[in-house]
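First up is the structure itself, then whatever we jot down about it.
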Amino acid sequence: MSIQQSDVAYTAVATAENGRDGRVATHDGKLDVVVNPPKELGGSGEGTNPEQLFAAGYSACFQGALGVVARNENADISGSTVTAEVGIGKNDDGFGLIVKISATIPNVDAATAKDLLEKAHQVCPYSKATRGNITVELVIE
């Protein structure tokens with residue numbers, strides 16, 4: 001379900017210069033990084049790249065969603081981590097993404113961890129945005 005502009009509580013603003021081989025910065029100056037294509041895509045690999053930035057945002061957002069779900073389920077997720085692996089590759093109409101979300105949740109059993117991960121995937125805004133658009137694999141480690 002979409003939100004309306006009147007429902008927006010915060011808007012992040014970032015501007016890119018020179019696309020995948022340049023610079024990207026947020027309007028408040030908290031993020032200002034050089035971006036370069038990775039060596040695997042023919043670039044220098046010296047700066048960060050959009051896939052790394054997406055992986056960082058997705059993993060942080062998903063960890064937050066996991067916390068919300070855990071509080072609702074009275075589950076202890078202290079010491080947990082979430083890792084997002086974002087792959088890019090050629091598809092029928094250019095390039096596409098694939099994501100693997102891996103979680104380590106040491107204080108719950110495997111069945112509970114799997115349930116928490118699946119529920120977090122339903123509430124995470126990044127998961128909602130990608131649902132039906134790209135493959136997202138969920139893994140408990």
(message) So, using side chain to side chain donor-acceptor pair (under 3.5 Å) as the criterion, who are the partners of Glu85 when residues are at least two apart?
(response) none
(message) With a 4.5 Å cut-off on side-chain heavy-atom distances among I, L, V, M, F, W and Y, is there a chain of contacts connecting Phe95 to Val136?
(response) yes
(request) Calculate, to the nearest 0.5 Å, the distance between atoms CD1 and CZ belonging to Ile88 and Arg20 respectively. (result) 4.5 Å
(message) Donor-acceptor pair, distance only, cut-off 3.5 Å: does the side chain of Asn107 make one with the backbone of Ser78?
(response) yes
(request) Dump the intermediate steps for side-chain contact (heavy atoms from CB on, under 4.5 Å) on Val99 and Thr130, then the final yes or no. (result) CA-CA 9 Å; Val99 175; Thr130 59; 5.8 Å; no
(message) Test side-chain contact (heavy atoms from CB on, under 4.5 Å) on Val34 and Glu46; report intermediate values, then the result.
(response) CA-CA 8 Å; Val34 172; Glu46 292 181 13; over 6 Å; no
(message) To the nearest 0.5 Å, what is the distance between CD on Gln63 and OG1 on Thr83?
(response) 9.0 Å
(request) With sequence neighbours excluded, tell me which residues meet salt bridge (charged side-chain N to carboxylate O under 4.0 Å, His left out) with Arg23. (result) Glu17, Asp32
(request) Kindly give the heavy-atom pair with the smallest separation between Ala120 and Ala65, and that separation in Å. (result) O-CB, 3.8 Å
(message) Determine whether a donor-acceptor pair (N or O, by modelled atom type, separation under 3.5 Å) exists between the side chain of Asp7 and the backbone of Gln4.
(response) yes
(message) I need the Glu73 CD to Thr112 OG1 distance, nearest 0.5 Å.
(response) 9.0 Å
(message) Between Val68 and Val108, is there shared hydrophobic-cluster membership here, with clusters defined by ILVMFWY side-chain heavy atoms closer than 4.5 Å?
(response) no
(message) Show every ring pair (Phe, Tyr, Trp, His ring centres under 6.0 Å) that has at least one partner inside residues 117-141, sequence neighbours left out.
(response) Phe54-Tyr126, Tyr58-Tyr126
(message) Can you give me the closest heavy-atom contact between Gly45 and Asn36, atom names plus distance?
(response) N-CB, 4.2 Å
(request) Indicate the atoms forming the closest heavy-atom contact of Cys61 with Cys124, along with that distance. (result) SG-SG, 3.5 Å
(request) Take Val35 and Asn49 through the test side-chain contact (heavy atoms from CB on, under 4.5 Å) and record every step on the way to the result. (result) CA-CA 5 Å; Val35 290; Asn49 60 66; 5.7 Å; no
(request) Enter the distance from Leu117:CG to Ile101:CD1 here, rounded to the nearest 0.5 Å. (result) 8.0 Å
(request) Verify the cluster assignment for Phe62 and Leu53: are they in a single hydrophobic cluster under the rule of side-chain heavy atoms below 4.5 Å apart? (result) no
(request) Enter the distance from Leu116:CG to Leu66:CG here, rounded to the nearest 0.5 Å. (result) 6.0 Å
(message) Would you compute the distance between atom NZ of Lys114 and atom CD1 of Ile105 and round it to the nearest 0.5 angstrom?
(response) 12.0 Å
(message) Assigning hydrophobic clusters by single linkage (Ile, Leu, Val, Met, Phe, Trp, Tyr; side-chain heavy-atom cutoff under 4.5 Å), is Val33 placed with Val86?
(response) no
